[in-house]
There are 2 protein chains.
Amino acid sequence: MRKPEELFAEFVYDSEKAPQNIDKAVTDVVELLKLKCYTIATAESCTGGLLSALITSVPGASQVFELGLCTYSNRCKQALLQVPAETLAVYGAVSREVADAMVSGLHRQSGADLCISVTGLAGPGGGTTDQPVGTVYAGFMFGSMKFTSRLHLWELEQLDREHIRQYTALCVFGIAAQLLSEDENQ
Amino acid sequence: MRKPEELFAEFVYDSEKAPQNIDKAVTDVVELLKLKCYTIATAESCTGGLLSALITSVPGASQVFELGLCTYSNRCKQALLQVPAETLAVYGAVSREVADAMVSGLHRQSGADLCISVTGLAGPGGGTTDQPVGTVYAGFMFGSMKFTSRLHLWELEQLDREHIRQYTALCVFGIAAQLLSEDENQ
């Protein structure tokens, strides 16, 4: 069986396999967390609080939701998540390295069982040839696992800001549900 | 002219005066912030990231959005916003005193020009006779002003979790727009 870091290294949104309904996706994650008595925390850049807003839209989310940080500015990424200034300078805020540093900082700050970070380009501005609008990196820490995924959202038909944020949430909750489902602790 | 702390001490949602469209309400706030080169930060409990998700849904929000903290647990309210344990124990998490302590902590943490905190009961559980579901307190710091508002949302016709969160956002952005509009700095 492949490890999550291999499985999810490049995550292509598949509309046939992915949950069609974002409410269902997030409810599944919250129910799995409740079942296993796990907590969750989020550190968001481009989604700006959408992940935490969706998690806390589920009644009873207070049992599982520990902390949400929306660190939009580089200053806050450094101050609250201890993302090194050098990492931001060398790789840029939208990078695998920053998603990784964000999720590590979030884990230190929250101690949650499942930590998720997101950094990406939701547009409309800021895209380049190497990093088109729709480039999103997500970091995950769960037990002894830690990995980052590059979400392939620039192939979507609707590439506006709101769709990129919504699809990011769908991908992230899809990965989270899979991690929780395959977890052997009861 | 009455001061904001008097004007907004008890804020009754008025569907005739309030903006009908939440996207318009938040876009107005972001445009006013841009115009005045001000920054905004949020500390949310019951809205759980909805305020920051709405602010960052507006293109170019990165110019004005400094930080969003979703401090759902009491532990995080203490750790990240320095809300005193005693204040939480004496007044409870849903109180004017905690909204006030949250907005002060947010201002220290973010340094943003406009700081907003929210704590309330979105339900479905947790309501009492004194504090029915729909009781929400919001704290504001803007320049030398600091005040808290008790939002009267329990008189709404639709008193489910999602409506309470949405109406909270409408009230908060309504108050924010009024503060920014009446600000004399250009």
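Hydrogens, waters and symmetry mates play no part in the numbers below; they use all other heavy atoms, side chains included. Sequence lines set the chain letters: A, B, ... in the order given, protein chains first and strands last, and positions in each chain run from 1. All values derive from a computational prediction rather than experimental measurement.
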Heavy-atom pairs under 4.5 Å with chain B, option from A:Ala79, A:Pro124, A:Cys70, A:Ser57 with the top count: A:Cys70

Single-linkage hydrophobic cluster A:Met145~A:Val103, side-chain heavy atoms < 4.5 angstrom: no

Path from B:Val98 to B:Val172 over hydrophobic side-chain contacts below 4.5 Å: no

Region of B:Leu51 that comes under 4.5 Å of a non-hydrogen atom in chain A: neither

Shortest non-hydrogen contact between B:Gly49 and A:Ser52, atoms and distance: CA-OG, 3.5 Å

Proximity breakdown for B:Glu162 and chain A, heavy-atom pairs closer than 4.5 Å: side chain

Residue pair A:Ser110 / B:Arg75: nearest heavy atoms and the distance that separates them: O-NH2, 3.0 Å

Residue part contacting chain A, namely of B:Ser45, when any heavy atom lies under 4.5 Å: neither

Any donor-acceptor pair under 3.5 Å from B:Arg165 side chain to A:Ala53 backbone: yes

NZ-CG distance between A:Lys77 and B:Leu67, expressed to the nearest 0.5 angstrom: 11.0 Å

Single-linkage hydrophobic cluster B:Val83~B:Val94, side-chain heavy atoms < 4.5 angstrom: no

Heavy-atom pairs under 4.5 Å with chain A, option from B:Gly123, B:Gly126, B:Gly125, B:Ser62 with the top count: B:Ser62

Inter-residue atom distance B:Leu69.CG - A:Leu80.CG, 0.5 Å rounding: 6.0 Å

Side-chain heavy-atom pair B:Thr47, A:Thr56 within 4.5 angstrom cut-off: no

Proximity breakdown for B:Val58 and chain A, heavy-atom pairs closer than 4.5 Å: backbone

Heavy-atom contact with chain A under 4.5 Å, split by part of B:Gln109: both

Point-to-point distance, once rounded to the nearest 0.5 Å, from OG of B:Ser73 to CZ of A:Phe65: 9.0 Å

Distance in Å, A:Cys76 SG paired with B:Glu66 CD, rounded so as to fall on 0.5 Å steps: 4.5 Å

Spacing of A:Tyr72 atom OH and B:Ile55 atom CD1 [to the nearest 0.5 Å]: 10.0 Å

